[in-house]
Amino acid sequence: MKISDTLTNQKKELEFSDKVRIYLCGVTVYDQSHIGHARTIIVFDTLRRFLEANNIPVELIQNFTDVDDKIINRAKEQGESASGLSTKYIQTYFEDSDRLNIKRATNYPKATEHIEDMINLIKELVNNESAYVSKNGVYFRVSEFSEYGKLSKKKTEDLESGSRIGIDESKESPLDFALWKFSDAQPNWESPWGKGRPGWHIECSAMSIKYLGKNFEIHGGGRDLIFPHHENEIAQSESFTSEQFAKIWMHAGMITINGEKMSKSVGNVKSINHVLESWGPNVIRLFCISGHYSKPIDYTEDLLKENLIRLRQIETCYYELRLADKTEELEDISSLLEESREKFDAALNDDFNTSLGLSVFFNMIKTINGLAADEKISKSISEQALPVLEYMLEVLGLKVQTVSDDEIKSTFELINKREKLRDEKKFEEADKIRDQIASLGISLIDHKNKTLWMKKEAIKAEKQ
RNA sequence: GGUGAUGUGGCAGAGCGGUUAUGCGUGAGCCUGCAAAGCUUAUCUAAAGGGGUUCGACUCCCCUCGUCACCUCCA
């Protein structure tokens with residue numbers, strides 16, 4: 001598999017020995033997660049599913065930043081403790097994540113539970129002159145790391161001249177960033193240099209090295225983290241280990257809302273919870289992988305609607321296959337299935353091109369649905385096709401509503417009743433049964449000689 | 001100002017130096033007691049503009065213009 005690496009700006013072969021280790025920068029838990037977070041998580045979840053579905057073991061670590069000025073300030077505003085606030089939002093994070101059908105990561109380390117690891121890392125950095133103690137805290141000495149700027153392609157001279165930060169006189173250079181900030185206020189921890197709390201960047205260095213080693217396969221996050229967060233992580237980690245840090249830097253594009261940047265000040269932040277309410281998990285997942293992961297996506301109602309329609313086609317396909325019972329052989333689709341599976345995998349193997357993969361996926365679905373409309377889906381076609389469809393659904397993290405054999409039986413009983421009434425031209429009664437069936441969340445698909453049906457995901461936005 | 005991207009048909013969005021991307025939309029039709037869904041088919045003579053390389057460029061190179069992101073916390 002090849003993945004675009006932000007550092008070298010090239011597609012790089014994903015090489016690994018026993019497993020693929022991925023560190024994904026998670027969220028700062030001071031508020032509800034939004035659709036932009038969802039995009040990044042979905043991209044990496046889908047990547048992980050693809051690898052695992054192809055029998056490649058994955059170790060995925062995603063951190064929670066649970067100590068940060070934002071959390072402290074927000075907690076103060078709400079008269080709550082910082083830890084109470086972050087605990088609450090970690091919980092809502094998991095609720096969102098589960099509803100989005102995100103597989104749980106191997107581990108979700110929290111910054112506050114790794115203070116010791118960070119202190120050890122900082123100690124070494126101070127030891128080897130990569131960091132120094134000033135009156136406000138411990139700072140990373142950017143001038144000591146000659147490759148600073150290699151990820152974000154920035155030159156330190158440009159950064160210095162363009163620096164808009166209020167100059168902290170105690171720092172040797174305006175580019176130096178905090179590893180440890182002195183503070184007497186809670187939450188704070190003891191350290192060899194004085195009471196305080198860690199800077200933002202050091203947690204990811206400490207936790208990624210702790211869980212994945214000095215040199216792991218993929219480090220991921222949103223594009224907005226490239227500078228300064230990931231740039232600083234590289235500086236810290238490589239100064240600490242004297243080795244190359246992550247092998248591949250993979251960054252997900254941003255989501256804009258109707259062409260505008262999503263921000264608190266514009267007031268257009270869409271929380272995951274809110275979007276889930278209207279559109280459900282499958283539409284969101286389809287939407288989030290509809291374009292290449294590295295490019296931005298614009299959030300509009302029209303695009304969500306488009307993905308809803310595509311979801312319906314998936315559901316139709318699934319049920320046409322699931323309910324197939326014809327015994328005569330009318331078609332041979334084995335080559336279509338084989339080709340679809342191959343092209344699907346090839347698309348994802350080439351820089352995780354989900355957009356291209358989806359086009360293969362929908363091609364297959366359209367063909368199957370076309371055969372179904374002609375009543376050409378036999379039991380054996382279904383047995384061949386279902387595993388392929390289910391494989392793709394698993395990779396894409398899509399979950400169609402499933403039914404038990406009992407449900408299938410009872411639904412067909414209702415449908416047969418309706419058919420009989422229709423034959424007798426008792427349409428009013430037949431429509432009543434149709435309504436009854438609809439109330440179970442089931443839609444009918446009338447073919448020439450047979451009525452099939454599907455259980456649809458209820459989508460609120462559809463009714464409006 | 002610096003850096004990095006990017007500019008494809010009504011919209012979304014890929015690939016590729018010469019072949020229909022694909023999906024949505026739109027038109028027509030099939031099915032039907034009605035509806036919904038589904039299906040079939042057609043459709044838009046797409047490549048920001050200008051140069052160049054080439055037998056041939058949407059695809060490579062150069063210039064101009066535009067858009068976006070990052071440069072401060074941010075997925």
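G56(B) sits 33 Å from G13(B) when the P atoms are compared, rounded to a whole Å. Nucleotides A57(B) and U8(B), compared at atom C1', are 14 Å apart to the nearest Å. Between the P atoms of G49(B) and G9(B), the separation comes to 10 Å (whole Å). Spacing between U6(B) and A48(B) at atom C1', rounded to whole Å, works out to 12 Å. Between C62(B) and A42(B), the two C1' atoms lie 42 Å apart (nearest whole Å). For the P atom pair drawn from U59(B) and A46(B), the interatomic distance equals 15 Å after rounding to whole Å. Here the separation of C58(B) from G17(B), taken at their C1' atoms, is 10 Å to the nearest Å. G15(B) and C60(B): their P atoms are spaced 11 Å apart (whole Å).
Ring geometry, Y108(A) versus F94(A): the interplanar angle exceeds 60°, so the pair is classed perpendicular (tilted spans 30 to 60°). Using cut-offs of 30° and 60° for the angle between ring planes, the W453(A) and F412(A) rings count as perpendicular. Ring geometry for Y299(A) versus F287(A): interplanar angle over 60°, hence perpendicular rather than tilted (30 to 60°). The aromatic rings of F227(A) and Y148(A) lie perpendicular to each other, with more than 60° between the two planes, well past the 30° mark.
Residue L225(A) has its side chain nearest to A75(B) when only G23(B), G33(B), A75(B) are considered. Taking only side-chain atoms of R434(A), from C-beta outward, the nucleotide of A75(B), C34(B), G33(B) with the closest atom is C34(B). Nearest to the side chain of I309(A), among G23(B), A75(B), G25(B), sits G25(B). Taking every side-chain heavy atom of T28(A) into account, A75(B) is the closest of A75(B), C24(B), G33(B).
Heavy atoms of S152(A) sit under 4.0 angstrom from primed sugar atoms or phosphate atoms, though from no base atom. Using a 4.0 Å heavy-atom distance criterion, Q313(A) is classed as a sugar-phosphate-only contact. K153(A) comes within 4.0 angstrom of the backbone, heavy atoms only, and of no base. The residue R418(A) sits close to a base: some heavy atom pair falls under 4.0 Å.
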Checklist entry - In dot-bracket form, how is RNA chain B paired, counting a Watson-Crick or G-U wobble pair only if both its distances are under 3.5 Å and using | for bases paired to another strand? => result (((((((..(((.....[...)))((((((.......))))))....(((((..]....))))))))))))....

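Salt bridge absent: R418(A) and D423(A) never bring a charged side-chain N and a carboxylate O closer than 4.0 Å. Between E407(A) and K455(A) there is a salt bridge, since at least one side-chain N of the basic residue sits less than 4.0 Å from a carboxylate O of the acidic one. Checked for salt-bridge contact, E339(A) and K343(A) meet the test: a charged N lies under 4.0 Å from a carboxylate O.
The nearest heavy atom of RNA chain B to A252(A) and to R312(A) marks one nucleotide each, and the one closer to the 5' end goes with R312(A). Heavy-atom nearest nucleotides on RNA chain B were determined for G221(A) and for R310(A), and the one closer to the 5' end corresponds to R310(A).
Residues Y89(A) and F64(A) place their aromatic rings such that the two centres sit no closer than 6.0 Å.
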Table of protein N/O atoms under 3.5 Å from nucleotides 29-31 of chain B N/O atoms:
none

Checklist entry - In B/S/- notation, 5' to 3', how is nucleotides 8-15 of chain B contacted by protein heavy atoms closer than 4.0 Å? => result ----SSSS

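Listed pair Q62(A) / A75(B) fails the phosphate criterion, with no side-chain N or O lying under 4.0 Å from OP1 or OP2. Contact check, K261(A) against C70(B): a side-chain N or O comes under 4.0 Å of OP1 or OP2.
Sorted by first and then second residue, the salt bridge (charged side-chain N to carboxylate O under 4.0 Å, His left out) pairs involving residues 21-34 of chain A (not counting sequence neighbours) are R21(A)-E217(A), D31(A)-R74(A), D31(A)-K264(A).
RNA chain B lies under 4.0 Å from at least one heavy atom of each of the following residues of residues 34-50 of chain A: H34(A), G36(A), H37(A), T40(A). Residues of residues 365-378 of chain A that place a heavy atom closer than 4.0 Å to RNA chain B, in numerical order, are K366(A), N369(A), G370(A), A373(A).
Atom-to-atom distance recorded for Y93(A):OH and E95(A):CD is 13.0 Å, nearest 0.5 angstrom.
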